[in-house]
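Take a look at the structure set out below.
Owing to the predicted nature of the structure, the values given are computational and were not obtained by experimental measurement. Residue numbers run from 1 in the order of the sequence given.
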Amino acid sequence: MVRAVLVTATSLALTGAVVAHAYLLKHQFYPTVVYLTKSSPSMAVLYIQAFVLVFILGKFMRKVFFGQLRAAEMEHLIERSWYAVTETCLAFTVFRDDFSPRFVALFTLLLFLKCFHWLAEDRVDFMERSPNISWLFHFRVLSLLGMLGVLDFLFVNHACHSILTRGASVQLVFGFEYAILLTMVLTTFIKYLLHTIDLNSENPWENKAVYMLYTELFTGFIKVLLYIAFMTIMIKVHTFPLFAIRPMYLAMRQFKKAVTDAIMSRRAIRNMNTLYPDATPEDLQASDNVCIICREEMVTGAKKLPCNHIFHSSCLRSWFQRQQTCPTCRMDVLRASNNNQTPAQPQAQPPLPAGPPNAPAAPPNVGNGNRVFSAEVAISGYSAVTLIQNTGAPGTMLSVRSHLLMWGPFFCPSCSCFFSFKILQRLVF
């Protein structure tokens, strides 16, 4: 707090000194403004003052709409802000011909609004983990989402009007960015409605996870279409937008994850309805009859997973909408179901072909509980093979015999293929 006050006071003092110096030189308002805009040091001081004012406005709006930020929200905000600043710097290189104070102001405003979109998204996600939601929370969220939605729509409308009247320009980037933010506002509002309905219902809402999943799938598809359209238009009318590569990749990866989750969840629920047996009263008595998902006692309507853990059917259905693992041991239920459906059958190995006439005979005492180890290597020509054999009697020494094997075709039982040449070593212990 002290540091923020010190920075604000210093910036105000510098701005006042610069403006007073310009006015003392020109003695009139218009020449003073021209002097300030033409002087690079003066513009640098004014830029710093503008950023400080934006920072103060952001802290005020944060107090109004969010109150005290949680540690996770602050961490996400800082991480995303660094990426946004990097992408903005890349955008400056693409549109360096349009670089001006107005251009910097528009990008600063865009970053400012992005921060509140991210905070609104994190705060709505927090509703699912918070048992008590006050009326002030609802008022703050609804008013913030309404304000952000109106601003995004106005900026998109302004960008479209500017492009239609003046042609393709930097407004194309701003229109696209605000369209993405408008999609984010729509997603956050739908999630807010779903969380509110779940909080006001007496029993847990079983279909909430389904609506959440398909909401992310729908909005993710819209984002992918917007990014593809933006990349196509930018390449056609301007140049390749490097600053859009990372967000486009993240949007595609998120959409791919939503599609995969939708497919896997439907498969897991189908397996639960068809493959998993109902838990009997004996199963419930033999184990803890409390479902760890809802923390309620299980009497009827429970399913038994392949790992023998038991849960409510409705709880499992909601759980499988998000992840396809056992809530207790994290076993992959889809893999376990596939293993139960198609058990592995041991393959009969064909007998080994007869070796060459001068191959050494198998060592004795192989059937006396001795273990046989063999190593096989493909070579060419003649090879000397050493056999280390134990006769089986306790306390006896190992006997070593050397043999010479001729090359020829041999069968490998491990990978079911033939080698042209081979050394066979048999170690009997």
task: For Leu111 and Ala84, work out which heavy atoms get closest and say how close.
output: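 Nearest heavy atoms, Leu111 then Ala84: CD1-CB, 3.4 Å.
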Distance-minimising heavy-atom pair for Ala120 and Thr188: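 Smallest heavy-atom distance, with atoms named: O-CG2, 3.8 Å.
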Rounded to the nearest 0.5 Å, how far does [atom2] of [Y] lie from [atom1] of [X]?
X: Glu121; Y: Asp125; atom1: CD; atom2: CG; answer: 6.0 Å
X: Ile190; Y: His195; atom1: CD1; atom2: NE2; answer: 12.0 Å
X: Leu119; Y: Leu77; atom1: CG; atom2: CG; answer: 5.0 Å
X: Leu46; Y: Met43; atom1: CG; atom2: CE; answer: 6.0 Å
X: Leu182; Y: Glu177; atom1: CG; atom2: CD; answer: 13.0 Å
X: Asp261; Y: Leu217; atom1: CG; atom2: CG; answer: 9.5 Å

Are the side chains of [X] and [Y] in touch, meaning some heavy atoms are under 4.5 Å apart?
X: Val173; Y: Phe230; result: yes
X: Met234; Y: Phe240; result: no
X: Cys291; Y: Leu316; result: no
X: His312; Y: Glu297; result: no
X: Arg166; Y: Gln171; result: no
X: Met212; Y: Leu194; result: yes
X: Met127; Y: Tyr192; result: yes
X: Phe55; Y: Thr8; result: no

- prompt: Yes or no on side chain to side chain contact (heavy atoms under 4.5 Å, CB included) for Leu181 and Val185, after CA distance, side-chain angles and deciding distance?
  reply: CA-CA 6 Å; Leu181 293 180; Val185 170; 5.6 Å; no
field: side chain to side chain contact (heavy atoms under 4.5 Å, CB included) assessment of Arg70 paired with Phe126
entry: CA-CA 10 Å; Arg70 298 180 293 112; Phe126 178 69; 3.5 Å; yes
Any sub-3.5 Å donor-acceptor pair from [X]'s side-chain atoms to [Y]'s backbone N or O?
X: Gln254; Y: Ala251; result: no
X: Trp319; Y: Thr325; result: yes
X: Gln49; Y: Leu12; result: yes

task: Just do the side chain to side chain contact (heavy atoms under 4.5 Å, CB included) check on Leu250 and Arg253 with the steps written out, would you?
output: CA-CA 5 Å; Leu250 293 178; Arg253 188 177 68 175; 3.5 Å; yes
task: Verify the neighbour count for atom CZ of Arg266: are there more than 12 heavy atoms of other residues, nucleotides or ligands below 6.0 Å?
output: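 No - once you tally the heavy atoms of other residues, nucleotides and ligands closer than 6.0 Å, there are 12 at most.
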task: Inspect the surroundings of CZ in Phe137 and state if more than 12 heavy atoms from other residues, nucleotides or ligands are less than 6.0 Å away.
output: yes
message: Please determine whether side chain to side chain contact (heavy atoms under 4.5 Å, CB included) holds for the pair Met252 and Ile228, giving the CA-CA distance in whole Å, both sets of side-chain angles, and the decisive distance to 0.1 Å.
response: CA-CA 10 Å; Met252 288 185 173; Ile228 293 176; 4.1 Å; yes
task: State which residues pass ring pair (Phe, Tyr, Trp, His ring centres under 6.0 Å) with Phe243; sequence neighbours excluded, sorted by chain then number.
output: none
cation_pi(Arg123, Phe66) dist<6.0 Å, angle<=45: no
task: Answer yes or no: is there an ion pair linking Glu73 with Arg62, defined by an N-O contact shorter than 4.0 Å?
output: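 Looking at Arg62 together with Glu73, the answer is no, because their closest N to O distance does not fall below 4.0 Å.
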task: May I ask you to say whether Glu216 pairs ionically with Lys191, meaning some side-chain N is under 4.0 Å from a carboxylate O?
output: yes
Report all side-chain donor-acceptor pairs from residues 303-311 shorter than 3.5 Å, counting only partners two or more places apart or in another chain.
from, atom 1, to, atom 2, distance (Å)
Lys303, NZ, Tyr276, O, 3.1
Lys303, NZ, Asp278, OD1, 2.9

Exercise answer: donor-acceptor pairs, residues 139-164 side-chain atoms, under 3.5 Å, sequence neighbours excluded:
from, atom 1, to, atom 2, distance (Å)
Arg140, NE, Val64, O, 3.1
Ser143, OG, Phe139, O, 2.7
Ser143, OG, Arg140, O, 3.0
Asp152, OD2, His117, NE2, 2.7

- request: Determine whether the aromatic ring centres of Phe112 and Phe116 lie less than 6.0 Å apart.
  value: yes
